[in-house]
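A short write-up of the structure that comes next.
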Number of protein chains: 2
Amino acid sequence: MNIIEKTENIFEHFEKFIELSEKLKSELSQRIKPIEFKKGELVLDANHICTKSYFINKGILRTYFLKDGKEISEYFSGINEWVNSPKSFILRKKDIYYIDAIESTQAYFINVNDLVYLFDNFPEMERYARLSMGSVFGHFMERIISMRFTTAKEKYDHFRKTYSDIYHRIPLGMVASYLGITQETLSRIRAEK
Amino acid sequence: MNIIEKTENIFEHFEKFIELSEKLKSELSQRIKPIEFKKGELVLDANHICTKSYFINKGILRTYFLKDGKEISEYFSGINEWVNSPKSFILRKKDIYYIDAIESTQAYFINVNDLVYLFDNFPEMERYARLSMGSVFGHFMERIISMRFTTAKEKYDHFRKTYSDIYHRIPLGMVASYLGITQETLSRIRAEK
DNA sequence: GAATAAATTTGACCTATATCAAATAATTTA
DNA sequence: TAAATTATTTGATATAGGTCAAATTTATTC
């Protein structure tokens, strides 16, 4: 798959929510650039402001934060998803989140300034942002429900459903911290059946 | 406080995110209407599509869903906040959420069709929606963190911080289901100290 | 303002999951 | 590919918070 085809993925993603004019496509193409990360590489350090948003083409990025010196996984992002540190990116100030690459990852990125330019000049981009945030919203609400009521096993089942395409590629310890259970408990859940 | 002053609250809320032209103010005023709910009254039945978004002026609305026949509180909304059933309102289909009034409540509402008209004709409304959703997003992320790692007591402390102005007006059972702990445990937490 | 209903508290007991510790297994690096 | 590091599993024990039941307090209704 070459670079031109990859850009098509992003356009397809936009077109789930809005129509893309040729003019907007051209402006997007000029501002969206490819980038690669090696397995284990840090994509965002929480000590810096997040100025880029990444659209994943291949691989998995993980967002996490530190609690008592330990890495707590916040979410995982696979193909055809945008990743950034939301509050940091939008408010242009530091937040608690780090981002790293669980696997070697190919992505595209756009700078926050370029995005702002697009928001200012293409009202449909505002609409895209509103609508695409809405769908992420739904996932968050579902997750809040799943975190509250389920046993550790039910939480794990929900995780596998949510991340059905990539769950098996995420190390056990990261899954455990994502679910808010211990590694030992998760290991035992996996063992039975 | 009369109706005109109340509308000012909504305008102030918008103006945290965007500038309101006189034209837009006038269009908003024509579409935003007052409504009242008695204590205990059902605002939205999950068997219907949510076609209105409510901006609270006084009182508290609660969003909840049913699990095994029991009401599970999802969130509480106080003064100067919008309330609706997000997925139902945006996607125009049924969702699991009910909304009721914990206290006698004064609110304003706008119909989804009117909102769509505003989105179509005032790009700054799209921006308002994007930016205001962003701040709700932050709260969700914080809540997901708080639900995962804290003891029941820490969860309750976080709840009191999040709802510092209204937490004492919400019945214990509703708080417990919001936090995903039992009433008994919450009662014991409240008792000590 | 009794009577009734609903919400909250208190008690006794039990279970899922945490914690601590050590053994394997898998992955990385020299 | 052997050594070293890191991840996962397994075992023994402790405990926070769940469950069930009943008492008490508070709110609602006639």
Side-chain angles (χ1 to χ4, degrees), chain A residues 37-42 59-60 62 64 66-73 76 98 100-105 145-160 163 166-193, chain B residues 37-42 59-60 62 64 66-73 76 100-105 145-160 166-193:
Chain A
F37 301 103
K38 280 180 237 142
K39 179 173 178 173
E41 193 176 340
L42 198 62
I60 302 175
R62 170 183 69 136
Y64 67 95
L66 296 178
K67 170 160 172 142
D68 306 329
K70 273 182 269 179
E71 297 178 358
I72 309 298
S73 299
F76 308 99
Y98 296 75
D100 68 0
I102 292 183
E103 301 178 347
S104 298
T105 296
I145 291 178
S146 82
M147 301 198 69
R148 213 167 0 168
F149 291 103
T150 48
T151 61
K153 173 159 193 330
E154 286 172 307
K155 282 178 193 162
Y156 180 60
D157 288 343
H158 182 262
F159 162 77
R160 286 197 301 185
Y163 290 103
I166 56 170
Y167 79 91
H168 56 284
R169 287 148 61 190
I170 301 169
L172 175 135
M174 291 183 187
V175 176
S177 74
Y178 170 88
L179 295 174
I181 63 179
T182 59
Q183 299 196 169
E184 294 92 328
T185 296
L186 182 52
S187 175
R188 286 178 178 114
I189 287 167
R190 278 188 174 173
E192 60 200 37
K193 75 166 180 187
Chain B
F37 301 102
K38 280 181 237 143
K39 178 173 179 174
E41 193 175 340
L42 199 62
I60 303 175
R62 171 183 69 135
Y64 67 96
L66 297 177
K67 170 161 173 141
D68 307 328
K70 274 182 267 178
E71 298 178 357
I72 310 298
S73 298
F76 308 100
D100 68 0
I102 291 183
E103 301 178 346
S104 297
T105 296
I145 291 178
S146 82
M147 299 197 71
R148 211 168 1 169
F149 290 103
T150 49
T151 61
K153 175 162 190 327
E154 285 172 307
K155 283 179 193 160
Y156 180 59
D157 289 343
H158 182 264
F159 162 77
R160 285 197 301 186
I166 57 170
Y167 80 90
H168 55 284
R169 286 147 64 191
I170 301 170
L172 175 133
M174 292 184 187
V175 175
S177 74
Y178 170 88
L179 295 175
I181 62 179
T182 59
Q183 299 195 171
E184 294 92 326
T185 296
L186 182 53
S187 177
R188 287 181 177 112
I189 286 167
R190 277 188 176 171
E192 60 201 35
K193 72 161 183 188

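Below, chains carry the letters A, B, ... as their sequence lines are ordered, and counting in each starts from 1. Fair warning: this is a prediction, and the values are worked out from it, not measured in the lab.
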Round to a whole Å and report the spacing from [atom1] of [X] to [atom2] of [N].
X: B:Arg190; N: C:dA7; atom1: CZ; atom2: P; answer: 14 Å
X: A:Glu71; N: D:dT6; atom1: CD; atom2: P; answer: 12 Å
X: B:Lys70; N: C:dA7; atom1: NZ; atom2: P; answer: 14 Å
X: A:Glu192; N: D:dT8; atom1: CD; atom2: P; answer: 18 Å
X: B:Ile102; N: C:dA7; atom1: CD1; atom2: C1'; answer: 14 Å
X: B:Asp68; N: D:dT19; atom1: CG; atom2: C1'; answer: 15 Å
X: A:Ile189; N: D:dT10; atom1: CD1; atom2: C1'; answer: 15 Å
X: A:Ile181; N: C:dA16; atom1: CD1; atom2: C1'; answer: 12 Å

Can you tell me how far [atom2] of [Y] sits from [atom1] of [X], rounded to the nearest 0.5 angstrom?
X: A:Leu66; Y: A:Tyr98; atom1: CG; atom2: OH; result: 4.5 Å
X: B:Arg188; Y: B:Glu192; atom1: CZ; atom2: CD; result: 10.0 Å
X: B:Met147; Y: B:Phe159; atom1: CE; atom2: CZ; result: 12.5 Å

Worksheet item: For A:Thr185 and B:Ser187, take the nucleotide of DNA chain C holding the closest heavy atom to each; which residue's nucleotide lies nearer the 5' end?
Response: B:Ser187

Discussion item. A quick test of your reading: do over 12 heavy atoms of other residues, nucleotides or ligands sit less than 6.0 Å from NZ of B:Lys67?
Written reply: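 Yes, because the 6.0 Å sphere around NZ of B:Lys67 holds more than 12 heavy atoms from other groups.
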
Discussion item. Tell me every residue that passes salt bridge (Lys or Arg N to Asp or Glu O under 4.0 Å) with A:Glu154, counting only those two or more places apart in sequence or in another chain.
Written reply: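 Result, salt bridge (Lys or Arg N to Asp or Glu O under 4.0 Å) vs A:Glu154: none returned.
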
For nucleotides 21-29 of chain C, tabulate all protein N/O to nucleotide N/O atom pairs closer than 3.5 Å, reporting atom names and distance.
| unit_1 | atom_1 | unit_2 | atom_2 | d |
| --- | --- | --- | --- | --- |
| C:dT28 | OP1 | A:Lys39 | NZ | 3.3 |

Practice prompt. Between B:Thr182 and A:Gln183, name the one whose nearest nucleotide on DNA chain D is closer to the 5' end.
Written response: A:Gln183

Discussion item. Report for the helix from C:dG1-D:dC30 to C:dA30-D:dT1: angle between first-end and last-end helix axes, five pairs each, rounded to 10 degrees.
Written reply: 60°

Worksheet item: If you look at every strand shown and take non-hydrogen atoms under 4.0 Å, does A:Leu186 touch a base, only sugar-phosphate, or nothing?
Response: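 Nothing, no nucleic acid heavy atom in range.
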
Practice prompt. Inspect the contact between A:Glu71 and A:Arg62 and indicate whether a charged nitrogen and a carboxylate oxygen are less than 4.0 angstrom apart.
Written response: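 Result for this pair is yes, salt bridge flagged.
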
Does any N or O in the side chain of [X] come within less than 3.5 Å of the main-chain N or O of [Y], such that one atom is a donor and the other an acceptor?
X: A:Thr105; Y: A:Phe37; result: no
X: B:Arg148; Y: A:Leu179; result: no
X: B:Ser177; Y: B:Ser73; result: yes

Worksheet item: How would you list, by chain and number, every residue that makes a side chain to side chain donor-acceptor pair (under 3.5 Å) with A:Ser187, sequence neighbours excluded?
Response: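 Residues passing side chain to side chain donor-acceptor pair (under 3.5 Å) with A:Ser187: none at all.
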
Discussion item. Which residues pass the side-chain contact (heavy atoms from CB on, under 4.5 Å) test with B:Ile166, not counting sequence neighbours?
Written reply: B:Ile60, B:Phe76, B:Tyr163, B:Arg169, B:Ile170

Fill in: Selection: residues 167-180 of chain A, any non-hydrogen atom under 4.0 Å of DNA chain C
A:Gly180

